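Throughout, a chain's letter reflects where its sequence line sits, starting with A, and its residues are numbered from 1. Quick caveat: nothing in here was measured; it's all calculated off a predicted structure.
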4 protein chains.
Amino acid sequence: MIMPRTEKQYARIREEKRALIKNIALELFASEGYYYTSISKIAKKAAISKGLVYNYFKSKEDLLKEIISNGFDAFTVVFDPNKDGILTDDEFDYFINEVFNILRSNTKYWRLFFGIILQSIVYDFVEEQLIRILSPMSKTLNNFMERKNADDPATDARFFMAVLDGVAFHYILDPDNFPLEKIKNRIINFFTRC
Amino acid sequence: MIMPRTEKQYARIREEKRALIKNIALELFASEGYYYTSISKIAKKAAISKGLVYNYFKSKEDLLKEIISNGFDAFTVVFDPNKDGILTDDEFDYFINEVFNILRSNTKYWRLFFGIILQSIVYDFVEEQLIRILSPMSKTLNNFMERKNADDPATDARFFMAVLDGVAFHYILDPDNFPLEKIKNRIINFFTRC
Amino acid sequence: MIMPRTEKQYARIREEKRALIKNIALELFASEGYYYTSISKIAKKAAISKGLVYNYFKSKEDLLKEIISNGFDAFTVVFDPNKDGILTDDEFDYFINEVFNILRSNTKYWRLFFGIILQSIVYDFVEEQLIRILSPMSKTLNNFMERKNADDPATDARFFMAVLDGVAFHYILDPDNFPLEKIKNRIINFFTRC
Amino acid sequence: MIMPRTEKQYARIREEKRALIKNIALELFASEGYYYTSISKIAKKAAISKGLVYNYFKSKEDLLKEIISNGFDAFTVVFDPNKDGILTDDEFDYFINEVFNILRSNTKYWRLFFGIILQSIVYDFVEEQLIRILSPMSKTLNNFMERKNADDPATDARFFMAVLDGVAFHYILDPDNFPLEKIKNRIINFFTRC
DNA sequence: CATGAATGAGATTTCATTCAT
DNA sequence: TATGAATGAAATCTCATTCAT
């Protein structure tokens, strides 16, 4: 008895191929740089034809966009995980720890990621992503600082984000020597004291 | 009988043209990205021929390297200005203030500078520069933290650099809204307390 | 549903295009010189795009190398055809006759071939080929001369090769007036006389 | 008392500069190839400016032509030195010896020389030179063979030239291993025996 | 859905030659 | 006569993308 599953199966195959291409592209973009990674190289490593890549992604830039978008998402899931807009001390700790776990998991990728979002050539697209991510994050952080009775919660929130980025930046540039644990503690102490 | 230009005249022409090319290249590298800025584009904007660029710089990469190297130098000048390896509290204040003065003086430039050094293909070269600049800076900062009786001066020094970069980064991305003065105070208080 | 070409079809296309490009390149290299023949010119004459040439040959130099290598091969086929390392008198005669048959069959080609291999920049590569071709040939010729009881077989072998090349060279430069048969006889008499 | 020699002195200086440039160009053309030797490189090695080269030679090609023309002359001086149209046995010996002395004196140059004259792009120019050199040489050689009571002097003359070129060719391709003396003897024996 | 030959636009780079000084 | 900055044309090569099959 043959079940009419072909439709669904095709869809699954499609999704798997897309994921395959994205993973390989990510790896190559990260290790060799976006510009120096040709579609040819991606196709060869994925053991498919060049043409097929275009069957799944409109263009090379399109492929990049999807990868970056996925990258941003990695952070949203670990910030205020229950999405109630309120950051507990535990959630604050969890977020900081997870941020660095994420960075550690693929340093090269995040280095690329940071580099790309600063190139204003892709800025129009990146800007949407930044606003999408940062504006709720900012609101929640303000609220967190208020609850800490900070004199100037808005400045503290802003300062926190800057510190986090700076530390993240230094960490991905030199992951082996960076005293990550000690610095994580300093951040947590500084921003959650009283 | 018409005499050729003197050596001095030639030297001046060379220096001026080099500067012109570097300035325009920086602007374009920063706004459009290194790879997407062609030598053609640089030449056109500088109103010279493509070929002339190669009279002054061995290659496109060479041009980039010199630009980056110059950028790094700007900071060394204001750090421990008497170069005695000892950072007084005043010098520490001065450094922090000057860093942001430098950044404010040409926000666009520094946005581009950061963007460029993050493009990973450049990384090998950037690493050399980082070591060149950061290792004496780091030593002096360690010494500064020790004199502050810090529990863990090395970590504090590192943390300081990360914080400074993060704040600088956020500042140049949004100089108009960033509460710079307040945050400068937070940094100074945090690292010079006791 | 349209199927992609089979592997065999692709292989045939590749082989035909490669041959086309090689033939046209040879003609141009020979008549205008290697350096003065641009890939553009080759592509135009072959009625294909510049880019396609690079689909088939890694570089201009690569194209040249393959052409030269093929030329050398033509001679190995007729030398000691059974490849037993022993040259009988008949095989010796056969070789000399075939060399000139090959040359006569496409005088223009061989004139060009000689022209190319003498261009000095090509020399390093030609040297490899010469060693590849000449060293077994030389061994077999030495052996041949020894069996002729020559006083100095190595020198005779070398002399023979030089004479053959000189005659071949003069022949292809002026095939219509060159007294080929008479000179072939002189060579055979000189080198196979007891 | 100042003598009015300036005119003549200038002429001498001019001639010396021309010779300097030609010698350096020859050296570079021979060692690096005509195409890969830039006017810049020649000027630098001659310690003069690029512009000055054009003061002495109309173009790079012009410089080459003069060098090549000088090359042809090298052979005419050693062939039938008294220019009486009659080649004695001693003159025949002398010619063969001198040819190889000349070749040995600058192997690279002669390799270049052979390579260049075979490129049809310079052929028009070279052809004149060849006719100028070869046609009296050929006549004199025929006469020489006749006096040797050769059965077919014309063929012998032609064969001789071919052999000489073949040996010269092999010699310049591998000057270090080529058994030149032995082969010179073989040529002399073969062509001057009774 | 899959292939890879083919295109074409553009990138970097080199260099003979000119020209103001 | 002498300089070297400047030009401009052309060369090699790369690659995202298309398309016939």
Any residue meeting ring pair (Phe, Tyr, Trp, His ring centres under 6.0 Å) with A:Tyr35, in chain and number order, not counting sequence neighbours: B:Tyr35, B:Tyr36

Contacts of C:Phe113 that satisfy ring pair (Phe, Tyr, Trp, His ring centres under 6.0 Å) - sequence neighbours left out: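 With neighbours one apart ignored, the set is C:Phe72, C:Trp110.
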
Donor-acceptor pair between D:Asn55 and D:Lys17 side chains, under 3.5 angstrom: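 Side-chain D/A pair, D:Asn55 to D:Lys17: absent.
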
Nearest-nucleotide 5' precedence on DNA chain F, C:Arg5 against B:Ile48: B:Ile48

Take the protein atom [atom1] of [X] and the nucleotide atom [atom2] of [N], then report the distance between them rounded to whole Å.
| X | N | atom1 | atom2 | answer |
| --- | --- | --- | --- | --- |
| D:Glu32 | E:dC15 | CD | P | 11 Å |
| C:Arg18 | E:dA6 | CZ | C1' | 16 Å |
| B:Lys17 | F:dG4 | NZ | P | 16 Å |
| B:Leu20 | F:dA5 | CG | P | 15 Å |
| B:Leu64 | E:dT13 | CG | P | 12 Å |

Quick check on [X]: does its [atom1] atom have over 12 non-hydrogen neighbours (other residues, nucleotides or ligands) under 6.0 Å away?
| X | atom1 | result |
| --- | --- | --- |
| B:Arg12 | CZ | no |
| B:Glu61 | CD | no |
| C:Glu7 | CD | no |

B:Ser31 (side chain) donor-acceptor with B:Glu27 (main chain) under 3.5 angstrom: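 Answer holds: yes.
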
Note, C:Ser69 side chain near C:Arg132 side chain (heavy atom, < 4.5 Å):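 Of all side-chain heavy-atom pairs linking C:Arg132 with C:Ser69, at least one is under 4.5 Å.
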
Contact check, side chains of B:Tyr56 and B:Lys22, non-hydrogen atoms, under 4.5 Å: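 Result no, sub-4.5 Å side-chain heavy-atom pair not found.
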
Contact residues, residues 7-16 of chain B to DNA chain F [heavy atom, < 4.0 Å]: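 Close to the strand are B:Tyr10, B:Ile13, B:Arg14.
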
Any C:Tyr56 side-chain N or O less than 4.0 Å from OP1/OP2 of E:dA5: no

Below 4.0 Å: OP1/OP2 of F:dA6 and any side-chain N or O of B:Asn55: no

Partners meeting salt bridge (charged side-chain N to carboxylate O under 4.0 Å, His left out) with B:Arg5 (sequence neighbours left out):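 Counting only residues at least two positions away or on another chain, B:Arg5 forms no salt bridge (charged side-chain N to carboxylate O under 4.0 Å, His left out).
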
Geometric cation-pi criterion C:Lys60 and C:Tyr34, 6.0 Å radius, 45° cone: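 Verdict for C:Tyr34: a cation-pi partner in C:Lys60.
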
Taking only nitrogen or oxygen atoms into account, show me every contact under 3.5 Å that the protein makes with nucleotides 14-18 of chain F, one pair per line with its distance.
unit_1: F:dA16; atom_1: OP1; unit_2: A:Lys60; atom_2: NZ; d: 2.8
unit_1: F:dA16; atom_1: OP2; unit_2: A:Ile39; atom_2: N; d: 2.7
unit_1: F:dT17; atom_1: OP2; unit_2: A:Tyr54; atom_2: OH; d: 2.9
unit_1: F:dT17; atom_1: OP2; unit_2: A:Lys60; atom_2: N; d: 2.9

Axis deviation across the helix from E:dA2-F:dT21 to E:dT21-F:dA2, five-pair ends, to the nearest 10°: 10°

